[in-house]
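Below is one structure, written out as structure tokens; comments come after it.
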Amino acid sequence: MNKRPTIEEVYSRPECFDAVWSESIEYYGVTKQSVTCMEECAELIEAYDDRKRDGLMDGTRAHLVEEMADVLICLWLLERMYDVRDRDSRTRHPSPVGACVALIKAVSKILRYGTEEERLDGLADAMGDVWRWLIRFESENNITRGELDGMIEYKMHRQARRMHGTSERKDPHHG
């Protein structure tokens with residue numbers, strides 16, 4: 001039986017995040033990683049739209065799991081890069097699209113104008129809202145810990161290979 005909540009369990013596994021993703025911040029830099037996080041939120045919006053339009057088919061489900069894993073990684077990166085852990089989250093967007101757009105805007109403002117407390121609070125707020133939507137996606141789509149774990153592990157190894165100049169293997173979920 002799958003115990004819940006899997007997102008919190010996967011996210012709290014330091015072996016999935018600390019070593020590779022901390023190195024990734026150093027390797028690529030905060031700006032590039034921040035832009036990547038904005039792109040991943042946009043891709044989650046696309047996966048959500050595909051799911052709404054086409055239903056829960058194998059392809060749409062795999063796409064949703066992949067983008068959820070990417071955004072989980074991005075939330076971890078943003079927490080570390082901008083030190084926004086343990087801030088209050090007040091916003092509740094009525095849709096995952098609104099939550100992701102708010103996160104994209106918050107990161108964009110920080111990149112353009114700097115890291116004043118008000119902007120960091122806005123980032124933490126948007127991150128909390130995206131987090132709640134990820135948990136809802138997980139539940140509504142019966143996504144298992146193994147699916148998220150496997151995708152995050154694949155992405156972790158792929159990122160390590162990219163940084164160390166070794167060849168990549170094919171994504172097991174996308175051929």
Side-chain angles (χ1 to χ4, degrees), residues 1-28 32-52 54-82 84-86 89 96-97 99-100 103-104 107 124 126-175:
M1 174 142 215
N2 182 23
K3 70 178 195 174
R4 295 282 183 200
T6 63
I7 284 179
E8 284 94 340
E9 292 171 352
V10 171
Y11 192 78
S12 67
R13 288 181 52 214
E15 67 273 18
C16 283
F17 292 98
D18 287 341
V20 171
W21 300 109
S22 292
E23 183 182 350
S24 181
I25 294 167
E26 290 178 31
Y27 185 84
Y28 292 107
K32 189 167 186 172
Q33 291 291 71
S34 296
V35 170
T36 299
C37 290
M38 291 189 293
E39 292 168 353
E40 294 303 341
C41 282
E43 290 175 13
L44 180 60
I45 292 170
E46 179 186 347
Y48 170 75
D49 287 345
D50 290 350
R51 160 69 172 93
K52 276 188 83 168
D54 300 334
L56 191 61
M57 299 168 22
D58 288 345
T60 56
R61 190 170 193 283
H63 188 205
L64 186 61
V65 169
E66 178 180 7
E67 299 311 332
M68 286 174 65
D70 285 339
V71 171
L72 279 170
I73 292 164
C74 288
L75 292 176
W76 188 93
L77 289 167
L78 291 167
E79 267 187 1
R80 272 46 179 199
M81 292 186 305
Y82 296 109
V84 292
R85 271 193 226 142
D86 302 323
S89 178
V97 173
C100 287
L103 183 59
I104 291 167
V107 172
M127 289 170 60
D129 206 21
V130 169
W131 178 264
R132 282 186 290 281
W133 276 104
L134 288 174
I135 291 170
R136 186 169 170 182
F137 286 166
E138 173 192 31
S139 174
E140 289 175 353
N141 297 289
N142 296 315
I143 294 169
T144 67
R145 175 183 178 160
E147 289 174 292
L148 284 173
D149 246 1
M151 184 57 71
I152 288 173
E153 187 171 332
Y154 162 75
K155 289 178 177 290
M156 178 182 64
H157 292 295
R158 184 182 68 184
Q159 186 73 353
R161 286 189 301 275
R162 285 177 175 167
M163 290 184 299
H164 299 273
T166 57
S167 63
E168 295 186 32
R169 66 179 170 85
K170 290 280 188 191
D171 178 345
H173 302 285
H174 294 91

Original post:
Atom CG of Asp149 and atom OG1 of Thr144: how far apart are they, to the nearest 0.5 Å?
Top reply: 8.5 Å
Original post:
So, for Met127 and Val84, which heavy atoms are closest and what is the spacing to 0.1 Å?
Top reply: SD-CG2, 3.7 Å
Original post:
Between CZ of Arg162 and NZ of Lys155, what distance do you get to the nearest 0.5 Å?
Top reply: 8.0 Å
Original post:
Under 4.5 Å between any side-chain heavy atoms of Val20 and Glu23, yes or no?
Top reply: no
Original post:
Minimum heavy-atom separation for Met163 to Ser24, with atom names?
Top reply: SD-CA, 3.4 Å
Subject >> From CG (Asp58) to NE2 (His63), nearest 0.5 Å >> reply: 14.5 Å
Subject >> Candidate pair Leu75 and Leu103, rule side chain to side chain contact (heavy atoms under 4.5 Å, CB included), full reasoning >> reply: CA-CA 10 Å; Leu75 292 176; Leu103 183 59; 4.2 Å; yes
Subject >> Phe137 side, atom CZ; Glu67 side, atom CD - distance, nearest 0.5 Å >> reply: 11.0 Å
**OP:** Say whether Asn141 and Arg61, considering side chains only, have a donor N or O and an acceptor N or O under 3.5 Å apart.
**Re:** no
Original post:
Can a donor-acceptor pair be found between the side chains of Gln159 and His164 at a distance below 3.5 Å?
Top reply: no
Original post:
Rounded to the nearest 0.5 Å, how far apart are CG of Asp129 and CG of Leu134?
Top reply: 10.5 Å
Result block: side-chain N/O donor-acceptor pairs under 3.5 angstrom for residues 34-46, not counting sequence neighbours:
unit_1: Ser34; atom_1: OG; unit_2: Val30; atom_2: O; d: 2.8
unit_1: Ser34; atom_1: OG; unit_2: Tyr82; atom_2: OH; d: 2.6
unit_1: Thr36; atom_1: OG1; unit_2: Lys32; atom_2: O; d: 3.0

Original post:
Would you call Trp21 and Ile25 a side-chain contact if the rule is heavy atoms closer than 4.5 Å?
Top reply: no
Subject >> Straight-line distance of Met151 CE to Ile143 CD1, nearest 0.5 Å >> reply: 10.5 Å
Subject >> Min side-chain heavy-atom separation Thr60-Met57 under 4.5 Å >> reply: yes
Original post:
With a 4.5 Å limit on heavy-atom distance, are the side chains of Met68 and Leu64 in contact?
Top reply: yes
Original post:
Within a strict 4.5 Å, meaning less than it, do heavy atoms of the Trp76 and Ser22 side chains meet?
Top reply: yes
Subject >> side chain to side chain donor-acceptor pair (under 3.5 Å) partners for Tyr28, two or more places apart >> reply: none
Original post:
Given the rule in the side chain to side chain contact (heavy atoms under 4.5 Å, CB included) test, do Met81 and Leu78 qualify, once you have shown the distances and angles that lead to the verdict?
Top reply: CA-CA 5 Å; Met81 292 186 305; Leu78 291 167; 3.9 Å; yes
**OP:** Answer whether the closest heavy-atom distance between the side chains of Tyr48 and Trp133 falls below 4.5 Å.
**Re:** no
Original post:
Val97 versus Asp49: any side-chain heavy-atom pair under 4.5 Å?
Top reply: yes
